[in-house]
Structures are given as structure tokens and as C-alpha cells.
Amino acid sequence: MLKEVADPVEDENPWRLYFIGDEENPTASEFMQSIKALSKVDKRSAGLGLEMLIKYAATGMRIDECYDKKACHPAFTFTHKGVEHKIWRIRKHDVRIYFYYVDGQVLLLPRVGEKREDKLTDAQKNEIAAPVKKYLDSGSKVQFKEWNDEQ
């Protein structure tokens, strides 16, 4: 008979999850608006996916090493000011949670979206990359809004 394994113990250097948002109105952020735009079923999938991401972030392990390659892999790359950057994605049913690795054990969550087609369009890629470009253009001075599960 299987027994439950203990929840991961928080590492002394866990990943911190952030999205770019206005301090006065964080729900107006692109990240939160992308969740709001999902159907009821997809919102549930997004919530489950974020719950698992938060659990894995607490371990301090690289996020893409916590999932199998089908559930988490690079979504696309984009070039910004001559430098190539990689956006990753986590799949939970028809929902994709996109993230970008930032220095210092930080993940920037630019967007959540549904994906029912094989390829992202250029317009979709630009929407997903826009908050990351904003962060990159800021010279790391963008105020992050920390994600927590009470959001």
C-alpha cells in the first residue's frame, strides 16, 4: 500500500514567483487579466497548475527539472536588443503557464493562456513576451508584484 510522501521542505533558496503589476491595482496586470479571461474550466486548470508551480518553487530546484519534458519545456525564444531570451511554459490540460527565468531565483510570470492549437502565432508570442521586454527595458528597476496563493 502506498503511503503519502512528505510535502517538499522549503529550500533555503526557493524560487520566488513574480508578475509585473501596478502596486495600486495588481489585478490590472497582464498576468492577472490573462487568468481572468479564461473560461471557468480553464481557470480551474490554471489554479491547479499554479498550485503545483508554487509547490515546486519551494524546493529550490530548477523548475524545468521538476516536470517531465512534455509538461514543461521552452515555448519560444525571442530576440530583444540583440540578445536571445527563452520563455518557458508549463502545461496543465489546455492551459499554459508561461515563465521566464530571472537572476536570483526569481521567475517572472508574464501570462497564462489557453492553447488548443499546435503553434503559437507571432501575435501570441509578442503578447507573452511583452512583460518580459518591459522588465528587460527597465534595467531591473521594474517593481515586481510577488505572487502568492491568496491572489
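No donor-acceptor pair under 3.5 Å is formed between the side chain of Ser34 and the backbone N or O of Arg111. In this structure a side-chain-to-backbone donor-acceptor pair under 3.5 Å is present from Trp15 to Met61. A distance-only check finds a donor-acceptor pair linking the side chain of Gln105 to the backbone of Asn13 [under 3.5 Å]. A side-chain donor-acceptor contact under 3.5 Å links Asn126 to the backbone of Asp122. Judged purely by atom type and a 3.5 angstrom limit, Ser39 uses its side chain to pair as donor or acceptor with the backbone of Asp42.
Considering every non-hydrogen atom in both Phe19 and Leu109, the closest pair reads CB-O, 3.4 Å. The shortest heavy-atom contact between Arg62 and Trp88 is NH2-CZ2, 3.6 Å.
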Derivation of the side-chain contact (heavy atoms from CB on, under 4.5 Å) call for Leu120 and Phe76: CA-CA 9 Å; Leu120 289 169; Phe76 64 94; 3.8 Å; yes

Trace of the side-chain contact (heavy atoms from CB on, under 4.5 Å) decision for Leu107 with Tyr18: CA-CA 6 Å; Leu107 293 182; Tyr18 288 89; over 6 Å; no

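Two residues are said to be in side-chain contact when any heavy atoms from C-beta on lie closer than 4.5 Å; Leu53 and Tyr67 meet this criterion. Contact annotation: the side chain of Gln124 approaches that of Thr121 to within less than 4.5 Å [non-hydrogen atoms, C-beta and beyond].
Screening residues 84-93 for salt bridge (Lys or Arg N to Asp or Glu O under 4.0 Å) gives no qualifying pairs among residues at least two apart or on separate chains. For residues 68-78, no residue pair satisfies the salt bridge (Lys or Arg N to Asp or Glu O under 4.0 Å) rule, not counting sequence neighbours.
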Solution key, residues 96-104 side-chain donor-acceptor pairs under 3.5 Å, sequence neighbours excluded:
from	atom 1	to	atom 2	distance (Å)
Arg96	NH1	His93	O	2.8
Tyr100	OH	His85	ND1	2.8
Tyr101	OH	Ile63	N	3.2
Tyr101	OH	Asp64	N	3.0
Tyr101	OH	Asp64	OD1	2.4

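Glu65 contributes atom CD, which lies 10.0 Å from atom SG of Cys72 (distance to the nearest 0.5 angstrom).
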